[in-house]
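In what follows, a single structure is set out as C-alpha cells and then discussed.
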Amino acid sequence: MTADPLPFCDPLWTDPELDDTTPDDPRLRDLRGQGLTAIQLHTITDIPLATDHLTERNPMISNDQWATIRGLVDWLDSENGRSQQEITLRMLKLTEEAGEVAQAWIGVQGQNPRKGVTHDRGDVADELCDVIVTAAVALASVMDDPASHLNTKLAKIASRPRTPEVA
C-alpha cells in the first residue's frame with residue numbers, strides 16, 4: 001500500500017524542508033492516511049517535528065517590520081497617548097482600512113458604471129498592506145509581545161482541520 005499524498009490543508013505537511021520527519025516512516029503513512037494534521041501527529045507520537053516555521057524560519061512579520069510597527073506605536077503614543085479612547089480609535093481604524101480595500105476591489109471590477117475601472121490589483125494589495133500594518137499597530141498597542149501572540153495564533157490556526165469532521 002502506498003502512502004496517501006500529503007494533505008493540502010496543513011502547511012506543516014506541504015513543505016518538506018520544514019518537516020523534520022522522514023516521509024517513509026511507516027507511522028507517518030498510517031497517521032497521515034487518517035487525515036491527521038502535523039500538529040495532531042506530533043501530539044500523539046514521539047516523531048520530532050519542526051513547528052517553528054511560522055516563527056523563526058519564516059515569520060509572518062519580520063523583526064525589522066515589528067521594529068517599524070513599534071516605532072509607529074511609539075509615535076502614536078507620543079502624539080495621542082494610549083488612553084482607552086485612543087486604543088478604541090486604533091481598532092476602528094481597521095474598519096476604515098478594510099473599507100478602502102473594498103473600494104479598491106470595486107474599482108478593479110469596474111462595478112460602478114459611472115466611474116468604470118478605477119483601481120488595479122496593486123492598489124488592492126497596497127490597501128491590504130495598510131490593513132495588516134493597522135492591525136499590527138492595534139495589536140502592539142494592546143499586547144506586550146505582539147509577535148509572540150501572532151505566532152501562537154497562527155500556529156493554532158494552522159493546526160485546525162480544514163475539512164469538516166465526519167461523525
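Note: hydrogens, waters and symmetry copies are ignored here, and every other heavy atom, side chains too, is used.
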Transitively linked via ILVMFWY side-chain contacts under 4.5 Å: Leu139 with Ile87?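 Leu139 and Ile87: one cluster.
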Consider only side-chain heavy atoms of I, L, V, M, F, W and Y, link residues closer than 4.5 Å, and tell whether Trp75 and Val73 are in one cluster.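 Yes, one cluster joins them.
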So, taking the atom named NZ in Lys156 and the one named CG in Asn151, what distance separates them when rounded to the nearest 0.5 Å? 12.5 Å
When rounded to the nearest 0.5 angstrom, what is the spacing between CD in Glu86 and CD in Glu79? 10.5 Å
Mark yes or no for whether Ser148, through its side chain, and Asp145, through its backbone, hold a donor-acceptor pair below 3.5 Å. no
Residues in side chain to side chain donor-acceptor pair (under 3.5 Å) contact with Glu96, at least two apart in sequence or another chain: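 Lys93.
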Minimum heavy-atom distance between [X] and [Y], given as atom pair plus value:
X	Y	result
Arg160	Lys153	NH2-NZ, 3.6 Å
Val137	Leu76	CG1-CD1, 3.7 Å
Ala140	Ile69	CB-CG2, 4.0 Å

With Asp77, which residues qualify under salt bridge (Lys or Arg N to Asp or Glu O under 4.0 Å), at least two apart?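 Testing Asp77 for salt bridge (Lys or Arg N to Asp or Glu O under 4.0 Å), a comparison that skips the adjacent residues, returns Arg82, Arg90.
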So which residues get pulled into Leu89's cluster when ILVMFWY side chains under 4.5 Å apart are joined, directly or through others? Leu92
Report yes if some heavy atom in the side chain of Ile61 is under 4.5 Å from a heavy atom in the side chain of Leu150; otherwise report no. yes
With a 4.5 Å limit on heavy-atom distance, are the side chains of Val142 and Met91 in contact?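 In short, these two side chains touch, coming nearer than 4.5 Å.
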With sequence neighbours excluded, what pairs up with Thr118 under the side chain to side chain contact (heavy atoms under 4.5 Å, CB included) test?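 Scan of Thr118 (side chain to side chain contact (heavy atoms under 4.5 Å, CB included), adjacent residues dropped) gives Lys115.
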Hey, could you give me each pair passing side chain to side chain donor-acceptor pair (under 3.5 Å) that has a residue in residues 59-74? Not counting sequence neighbours. Ser62-Gln65
When the side chains of residues 122-136 are checked against the rest of the protein, which donor-acceptor pairs come out under 3.5 Å, sequence neighbours left out?
| unit_1 | atom_1 | unit_2 | atom_2 | d |
| --- | --- | --- | --- | --- |
| Asp123 | OD2 | Asp120 | N | 2.9 |
| Thr134 | OG1 | Asp130 | O | 2.7 |

